[in-house]
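The structure under discussion appears below in the form of structure tokens.
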Amino acid sequence: MRTPPGANFPSLHRSIMSQATSESSRTCYCGELSAEHVGKEVVLKGWMHSRRDHGGLIFVDLRDRAGMAQVVFDPDSLPDGQFEQAHRLRGEDVLAVVGQVRRRDEDKINPNIATGELELHVASFEVLSKADVVPFKIDEHQSVSEDHRLKYRYIDLRRPAMQSSIRTRARVNGAVRRYLDGLGFIEIETPILCKATPEGARDYLVPSRVQQGSFYALPQSPQLYKQILMMSGFDRYYQIARCFRDEDLRANRQPEFTQIDCELSFPTCEEIYEIFEGMMAAIYREAKGIELPTPFPRLTYSNSMARFGSDKPDLRFELEIRDVTEAFASGCEFKVFNTIIEKGGVARALCVPGGAEKYSNTQLKPGGELPAFAARYGAKGLAWFRAEADEGGVVSLTSNIAKFFSDECRAALAAALDAKPGDLVLIVCDKAATAATVLGQLRVYLGGELGLIDSDAFCPCWITDFPLFDWDEEGKRWHALHHPFTAPNPEDLDRLESDPGSVRSLAYDLSFNGEEVGGGSIRIHQPELQQRVFRLLGVSEDEAKDKFGFLLDALRFGAPPHGGIAFGVDRIMMQVMGTDSIRDVIAFPKTQSASCPMTEAPSGVETSQVRELGLRFTPSVEKKLADAADAEAGGGSVT
RNA sequence: GGGGUCGUAGUUCAGAUGGUUAGAACGCCGGCCUGUCACGCCGGAGGUCGCGAGUUCGAGUCUCGUCGGCCCCGCCA
């Protein structure tokens with residue numbers, strides 16, 4: 001545990017107070033007590049973590065941000081009355097203690113804590129703050145529901161795991177700043193009160209009091225500001241920026257989140273990959289002392305979808321998806337497959353090593369574990385085969401549906417998959433996108449179930465050559481896959497209008513152990529091209545002018561080619577800390593319903609505040625508020 | 001908007017098929033204990049079984065509704 005920069009404790013040799021009071025200066029952190037303190041008198045301040053009261057002798061573990069130290073209350077060395085007071089100490093009381101540091105006898109060393117060879121013999125102490133009985137104990141051995149942890153977050157954050165998580169996050173922020181500063185990036189703050197834009201996530205809106213009826217939006221990202229900064233000639237910008245998206249939450253998604261937001265002028269994709277591989281390496285060096293090998297591997301989007309069924313492949317294990325459409329070209333009498341393939345569908349498969357025994361017929365039949373899992377992602381069915389060796393040692397595939405497939409067909413399938421005896425073959429026959437998604441999800445699920453994932457591995461990967469647009473079936477329109485300012489790949493530019501779906505963009509994502517931790521693109525810097533893309537997206541000239549006029553103007557007054565990237569700090573920290581929940585790397589996160597159990601945000605406000613904004617509730621909301629007030633039985637204020 | 005799952009003591013949980021006084025561990029309170037360290041020993045208190053209806057002679061248990069937590073689908077340029 002490093003002494004933080006700026007922590008400036010007085011010398012240990014200053015004259016020591018006989019009495020510990022709030023006035024006496026702390027000499028070191030509990031967790032930093034070390035051999036050099038032996039024989040010296042020190043002042044410690046911290047929380048009473050636990051107490052072992054032997055009647056005639058009391059041991060207390062005193063805890064602070066650096067760790068714990070055992071302090072010993074011995075009636076022979078304490079002023080009158082203090083030993084009796086020590087009996088009354090309770091969990092989480094805040095204490096100042098003065099005393100001499102002693103080395104423990106060999107047989108009394110506690111190997112479980114860093115300061116276990118030492119203890120402080122208390123000469124005097126003061127209770128700086130009495131604690132009520134805490135709602136839950138700060139105890140690694142007992143789990144506490146997340147609800148409670150968030151309601152009493154100040155207590156939860158005292159837990160060593162949370163301390164470590166939050167402090168590692170601070171060090172990562174520092175490492176990022178040092179790295180980017182060193183490369184000439186300029187940290188620039190951008191507004192939180194922004195203009196609402198169409199496209200993209202739902203905005204958090206802030207009503208304007210001064211201009212009633214108008215709204216600001218909180219930034220989904222500083223996207224347009226950072227592009228404008230390139231046109232302002234700053235050349236390299238970054239910001240550790242808070243972003244807001246009013247969408248439903250997930251284990252890896254909060255409504256407000258933090259991005260390392262970057263933009264460069266005159267970049268090539270290669271430069272961007274190199275710079276930010278370096279940044280990720282700096283993060284892992286700082287946080288974990290690990291050297292990430294660079295350059296990171298790259299995969300095109302279409303490759304990644306075909307082989308891993310995802311644009312954020314988990315490369316910590318193999319288990320690749322194979323296309324087996326060809327194997328069914330002849331000798332397959334399975335109507336379902338034939339029909340789908342004739343209509344342009346594909347058959348794709350996972351060949352799961354050792355899966356034949358692991359998964360029973362019950363788990364494989366319709367409605368069973370694996371088909372049910374597949375159905376969640378849109379699969380209409382999941383076909384399977386078990387690979388067995390016959391007497392001659394030749395691999396054959398058996399299944400409840402084997403009779404629909406000729407021997408040749410099954411042999412072709414086994415060959416295409418290089419199936420070994422004991423393997424389980426899972427096949428999805430569907431539209432290419434559905435087959436990819438279903439098998440991609442199954443791949444990750446099976447990777448976990450079969451223990452294929454090396455949790456110590458770090459597998460970053462750039463995903464490149466994303467499509468510029470995808471077709472929104474519901475809205476019957478093209479839709480920007482990344483965002484509307486992403487540059488098309490110049491090689492595909494001539495198809496922009498004729499075949500938009502085939503146009504690749506200059507966008508890239510950084511995938512890390514199956515999670516998208518960053519993404520960006522080279523931007524459009526010609527106003528004409530930007531207009532063409534808006535047109536494709538169904539943004540009329542008037543709307544473009546209204547919503548993005550400032551950008552189109554700025555592009556006309558000398559816009560350098562530019563591009564950038566943004567990284568999700570929260571997701572990177574999840575990877576660094578190895579947690580499954582984004583809430584474990586955020587000091588004050590929100591629940592799934594976007595509320596904060598501690599502060600009870602969001603909450604009602606005074607009627608006058610609402611009126612001032614020129615707003616009124618709909619009748620259904622009014623009714624809900626009135627019902628809630630009734631239930632509270634006599635709560636006088638609004639809501 | 002939808003699916004799943006959970007809600008019982010301060011905390012974490014157990015309470016088959018509905019049936020007498022709802023249990024355990026830790027914590028808490030009181031007592032004892034001079035080398036413990038997830039201290040130990042003895043004793044004790046502590047419950048609106050999330051909330052509201054319903055079925056039933058009888059509901060922690062069954063049904064419906066509702067609120068909240070978590071996971072997921074949709075959504076997240």
Side-chain angles (χ1 to χ4, degrees), chain A residues 49-62 68-77 83 87-88 90-92 102 104-113 115-116 119 121 132-152 155 197-203 220-221 223-224 243-255 257 372-373 375-378 437 441 445 466 468-470 472 474 478-486 505 507 516 519 521 533 537 539 566 568 580-581 583 590-593 595 597 600 624 627-628 631:
Chain A
H49 184 75
S50 66
R51 184 179 60 124
R52 294 170 292 282
D53 188 338
H54 289 234
L57 192 67
I58 302 167
F59 300 95
V60 159
D61 289 335
L62 198 65
M68 290 203 287
Q70 172 164 285
V71 301
V72 185
F73 294 85
D74 180 344
D76 300 335
S77 344
F83 191 68
H87 279 304
R88 294 193 296 272
R90 293 296 179 263
E92 301 306 307
R102 295 182 183 173
R104 298 197 206 178
D105 294 342
E106 202 65 38
D107 59 328
K108 285 162 194 141
I109 287 172
N110 180 359
N112 301 320
I113 60 174
T115 61
E119 65 190 12
H121 207 79
D132 282 355
V133 176
V134 286
F136 53 87
K137 219 183 155 207
I138 295 160
D139 186 348
E140 303 294 295
H141 307 281
Q142 189 151 27
S143 62
V144 182
S145 76
E146 225 173 312
D147 212 8
H148 269 87
R149 290 177 53 200
L150 292 185
K151 175 155 186 177
Y152 303 98
I155 294 170
T197 54
E199 297 276 323
R202 189 179 297 112
D203 285 318
Q220 294 180 29
S221 85
Q223 181 60 35
L224 292 172
C243 306
F244 307 85
R245 294 177 192 175
D246 189 3
E247 297 291 351
D248 289 347
L249 288 82
R250 286 287 189 282
N252 65 355
R253 218 155 75 191
Q254 283 272 304
F257 58 99
F373 181 91
R376 272 158 54 186
Y377 300 94
T437 304
Q441 294 288 345
Y445 178 71
F466 280 86
L468 187 59
F469 306 113
D470 66 352
D472 173 5
E474 216 172 298
W478 292 102
H479 179 269
L481 201 71
H482 186 56
H483 58 50
F485 320 108
T486 301
S505 69
E516 180 197 328
S521 62
V533 169
L537 292 171
V539 180
D580 294 328
S581 167
R583 295 178 296 278
K590 303 267 189 290
T591 67
Q592 194 154 46
S593 56
S595 58
E600 295 184 322
K624 213 180 103 192
D627 289 351

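Note on naming: letters A, B, ... go to the chains in the order of the sequence lines (proteins, then strands), and numbering restarts at 1 for each one. Model, not experiment: these values are computed from the prediction.
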Exercise. Has A/S50 got a side-chain N or O lying under 4.0 Å from the OP1 or OP2 atom of B/G27?
Worked result: no
For this session: Locate the shortest heavy-atom distance separating A/D472 from A/H479; write the atom from each residue and the value.
Result: CB-CB, 4.3 Å
Problem set entry | Nucleotide nearest A/N112 when distance is taken to its side chain, options B/C70, B/G35, B/A38 | B/A38
Problem set entry | Side chain of A/V144 - closest among B/G74, B/A38, B/U12 | B/U12
Exercise. Has A/T591 got a side-chain N or O lying under 4.0 Å from the OP1 or OP2 atom of B/G68?
Worked result: no
Exercise. Can you find an N or O donor on one side and an acceptor on the other, under 3.5 Å apart, linking the side chain of A/R104 with the base of B/C37?
Worked result: yes
For this session: Indicate, with yes or no, if the rings of A/F73 and A/H87 have centres closer together than 6.0 Å.
Result: no
Exercise. Just wondering, do A/F136 and B/U11 stack (centres under 5.5 Å, planes under 30°)?
Worked result: no
Problem set entry | Integer-rounded Å distance: B/C42 C1' and A/D53 CG | 15 Å
Problem set entry | Given B/C37, B/U12, B/U34, the nucleotide with the shortest approach to the side chain of A/L57 | B/U34
Exercise. Between A/R583 and A/Q254, which heavy-atom pair has the shortest distance, and what is it?
Worked result: CG-NE2, 3.7 Å
For this session: Send over the distance from A/L249 CG to B/C70 P, rounded to a whole Å.
Result: 8 Å
Seminar exercise, completed: To the nearest angstrom, the CD1-P distance between A/I155 and B/G27 comes to 17 Å
Exercise. Does the base of B/C76 carry an N or O that pairs as donor and acceptor with the side chain of A/R253 under 3.5 Å?
Worked result: yes
Exercise. Below 4.0 angstrom from OP1 or OP2 of B/G69, is there any side-chain N or O of A/S593?
Worked result: yes
Problem set entry | A/R250 (side chain) and B/G74 (base): donor-acceptor pair under 3.5 Å | yes
Seminar exercise, completed: Of the candidates B/C72, B/U36, B/C76, the side chain of A/A201 sits closest to B/C76
Seminar exercise, completed: Ranking B/C37, B/U34, B/C70 by distance to the side chain of A/D76, first place goes to B/U34
Exercise. Ring stacking, A/H54 with base of B/U36, under 5.5 Å and under 30°?
Worked result: no
Exercise. So what's B/U36 paired with, Watson-Crick or G-U wobble, going by both distances under 3.5 Å?
Worked result: none
Seminar exercise, completed: From CG of A/D139 across to C1' of B/A25 the rounded distance in Å is 12 Å
For this session: Write down the atom of A/L249, the atom of A/Q592, and the distance for their closest heavy-atom approach.
Result: CD1-O, 3.3 Å
Exercise. Across the strands shown, which category fits A/R202 at heavy-atom distances under 4.0 angstrom: base, sugar-phosphate, nothing?
Worked result: nothing
Exercise. Considering only heavy atoms and no angle criterion, is a donor-acceptor pair shorter than 3.5 Å present between the side chain of A/R52 and the base of B/U34?
Worked result: no
For this session: Side chain of A/D61 only, please: which of B/G69, B/C37, B/U34 is the nearest?
Result: B/C37
Exercise. Out of B/C76, B/C70, B/A38, which nucleotide sits closest to the side chain of A/R245?
Worked result: B/C76
